[in-house]
Trainee: 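Would you mind keeping the following structure in view while I ask a few things?
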Amino acid sequence: MSSPAISTAEDIVNAPLLYKGKVRELYDLGDYYLIVVTDRISAFDYVLDPAVPDKGNVLNQLSSFWFEKTKDLIENHVIHTNIEQLGSVINEEHKPILKNRVMVTRKAQRIDIECVVRGYVTGGGWRQYVQNGEINGINLPKGLRKNDKLREPIFTPAAKNDVGHDEDISFEAMVDMVGNDLAEQLRSRSLEMYKFARDYCEERNIILADCKLEFGLVDGKLILIDEIFTPDASRFWARENYALDIEIDSMDKEPVRTYLLGSDWDKNSKPDPLPLAVVEETTRRYRDIFKRLTKQEIS
């Protein structure tokens, strides 16, 4: 059974709200940040109604799972995910609601680069390739087909925009933004992280087609922040669904996108509330990828 959906924690967290994203809310705890992951869902730049039960549980617990699994590869921002350590920041009666949705983190200086790694030619990368045979300025072999696996994964960064879409950029443009040394670190770390997660996923009959990572600096040291290898930050395919030249049904909020594209929505205003069947199927997708990756049921 799914837990009740949480659209916001603003009224139940006793700390200043610093930032409210499409899904996450960032609160100031003085020396640390508190991240609360809600069940809000977005598509095509709109936050939709209703929220999707258990989505926030999956995102937070899956990020925590991966942060723990990769901590020997690179330091990350996690201090703890134990709601009991928050004391009066969250009132006792609300702790069960937010139990699996909180992450206390170090305060890092965010690097405004979305570190994208692609192992397959699909999505926005495929659209670039069809136009000019390149992805983010990287020349690729001729004759690739949609969803082809690349010989080696490629690093295709994007400049972060808090409003609207992130902007795909070349590695050279990234060097101009952050300097050569940091750019090289970001590329090598991102590729290392992708390969680690890709191999882990393959053992569970899941294809990690691509992912996006975010990094920050603490006392000049590069650390991993935000979320990692979740359905909102990665493209997961069930191996049994893999094929060339098709739109592969990914293990995420694909039911929402499919419904909206097949509806009479005008794409210029917030869509009407999602049907219950679409919400329930999306919850099932999030719970399924969590179980397949962790071998555990979501709690």
Side-chain angles (χ1 to χ4, degrees), residues 35 37 58-81 103 105-106 108 110-111 113-125 135-136 138 140 147-158 160 171 174 178 181-218 221-242 248 250-252 286 288-296 298:
I35 298 173
V37 189
V58 167
L59 295 180
N60 195 59
Q61 291 187 69
L62 201 50
S63 277
S64 180
F65 169 83
W66 284 111
F67 278 130
E68 177 65 23
K69 191 164 285 294
T70 60
K71 66 183 181 182
D72 291 335
L73 294 178
I74 182 172
E75 284 186 39
N76 59 64
H77 67 166
V78 179
I79 300 296
H80 70 80
T81 59
M103 183 174 289
T105 72
R106 289 190 276 177
R110 188 186 78 174
I111 299 167
I113 298 290
E114 198 98 82
C115 292
V116 179
V117 180
R118 303 177 187 273
Y120 291 75
V121 186
T122 194
I135 301 180
N136 288 51
I138 300 172
L140 295 176
N147 305 331
D148 255 332
K149 183 177 182 179
L150 295 166
R151 289 185 180 179
E152 287 292 330
I154 58 174
F155 178 71
T156 59
K160 284 190 66 64
F171 182 75
M174 177 176 156
V178 302
D181 289 347
L182 183 54
E184 291 286 359
Q185 282 189 71
L186 291 170
R187 178 166 63 180
S188 63
R189 291 291 197 172
S190 298
L191 289 168
E192 181 183 25
M193 290 288 293
Y194 171 81
K195 291 174 182 177
F196 176 88
R198 175 200 63 190
D199 294 348
Y200 179 91
C201 289
E202 285 180 355
E203 294 173 0
R204 285 147 183 83
N205 291 316
I206 295 170
I207 294 171
L208 178 59
D210 51 45
C211 69
K212 58 183 180 182
L213 302 165
E214 291 194 34
F215 296 84
L217 297 170
V218 173
K221 186 171 187 177
L222 190 68
I223 69 167
L224 196 58
I225 64 170
D226 196 54
E227 62 178 320
I228 55 171
F229 305 127
T230 71
D232 281 14
S234 307
R235 194 189 311 264
F236 296 113
W237 293 330
R239 179 166 296 284
E240 62 268 24
N241 293 337
Y242 178 71
I248 299 175
S250 55
M251 303 172 74
D252 57 8
Y286 277 80
D288 181 51
I289 187 63
F290 181 87
K291 183 176 180 179
R292 290 182 67 156
L293 287 173
T294 68
K295 302 298 185 184
Q296 300 172 16
I298 193 71

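We use all heavy atoms of the structure for the numbers below, so side chains are in, but hydrogens, waters and symmetry mates are not.
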Trainee: Closest heavy-atom contact between P153 and R198?
Mentor: CD-NH1, 4.1 Å

Trainee: Mind listing the closest non-hydrogen atom pair of T230 and L62 along with its distance?
Mentor: CA-CD2, 4.0 Å

Trainee: When rounded to the nearest 0.5 angstrom, what distance separates OG in S63 from CG in L224?
Mentor: 9.0 Å

Trainee: For the NZ atom of K295 and the CG atom of L293, what is their distance to the nearest 0.5 Å?
Mentor: 9.0 Å

Trainee: With no hydrogens and no angle check, is any side-chain donor or acceptor of R239 less than 3.5 Å from a backbone partner on R204?
Mentor: no

Trainee: Apply the test side chain to side chain contact (heavy atoms under 4.5 Å, CB included) to residues L73 and M193: give CA-CA distance (whole Å), side-chain angles for both, the deciding distance (0.1 Å), then the verdict.
Mentor: CA-CA 8 Å; L73 294 178; M193 290 288 293; 4.1 Å; yes

Trainee: List the residues meeting side-chain hydrogen bond (donor to acceptor under 3.5 Å, both in side chains) with N136, not counting sequence neighbours, and say none if there are none.
Mentor: Q128

Trainee: Is K71 salt-bridged to E68, going by a charged N under 4.0 Å from an acidic O?
Mentor: yes

Trainee: What is the distance from atom CG of N60 to atom CD1 of I298, rounded to the nearest 0.5 Å?
Mentor: 9.0 Å

Trainee: Checking side chain to side chain contact (heavy atoms under 4.5 Å, CB included) for the pair I248/T122: CA distance, chi angles, key distance, verdict?
Mentor: CA-CA 9 Å; I248 299 175; T122 194; over 6 Å; no

Trainee: Please find the pair of heavy atoms, one from Y286 and one from D252, that lie closest to each other, and give the distance.
Mentor: CE1-C, 3.9 Å

Trainee: Quick one: are V117 and T156 in side-chain contact, heavy atoms under 4.5 Å?
Mentor: no

Trainee: Please report the interatomic distance CD1(I135) to CG(L150), rounded to the nearest 0.5 Å.
Mentor: 6.5 Å

Trainee: Let me confirm one number: the CZ-CZ distance from F155 to R189, rounded to the nearest 0.5 Å.
Mentor: 13.0 Å

Trainee: Spell out, as yes or no, whether a donor-acceptor pair under 3.5 Å connects the side chain of T105 to the backbone of V78.
Mentor: no

Trainee: Are R110 and I225 side-chain neighbours, meaning at least one heavy-atom pair lies under 4.5 Å?
Mentor: yes

Trainee: Among F236, F229, W66, find the residue that satisfies the ring pair (Phe, Tyr, Trp, His ring centres under 6.0 Å) test when tested with Y200.
Mentor: W66

Trainee: In terms of the angle between their ring planes, are Y120 and W237 parallel, tilted or perpendicular, with boundaries placed at 30° and 60°?
Mentor: perpendicular

Trainee: For R118 and G125, which heavy atoms make the closest approach, and how far apart are they?
Mentor: NH1-N, 3.4 Å

Trainee: Any chance you could lay out the side chain to side chain contact (heavy atoms under 4.5 Å, CB included) test for L186 and L222, step after step, and finish with the verdict?
Mentor: CA-CA 8 Å; L186 291 170; L222 190 68; 3.8 Å; yes

Trainee: Show me the donor-acceptor pairs within less than 3.5 Å that the side chains of residues 205-214 make with the rest of the protein, sequence neighbours left out.
Mentor:
unit_1 : atom_1 : unit_2 : atom_2 : d
D210   : OD1    : R235   : NE     : 3.4
D210   : OD2    : R235   : NE     : 2.9
D210   : OD2    : R235   : NH2    : 3.4
E214   : OE2    : K160   : NZ     : 3.1

Trainee: Under the 6.0 Å and 45° cation-pi test, does R187 pair with F171?
Mentor: yes

Trainee: Between T294 and Q296 (side chain of the first, backbone of the second, donor and acceptor by atom type, cut-off under 3.5 Å), is there such a pair?
Mentor: yes

Trainee: Can you tell me how far apart NZ (K221) and CD1 (I74) are? Round to the nearest 0.5 Å.
Mentor: 9.0 Å

Trainee: Does any N or O in the side chain of S234 come within less than 3.5 Å of the main-chain N or O of P231, such that one atom is a donor and the other an acceptor?
Mentor: no

Trainee: Parallel, tilted or perpendicular: which one describes the rings of H77 and F67, with boundaries at 30° and 60°?
Mentor: tilted

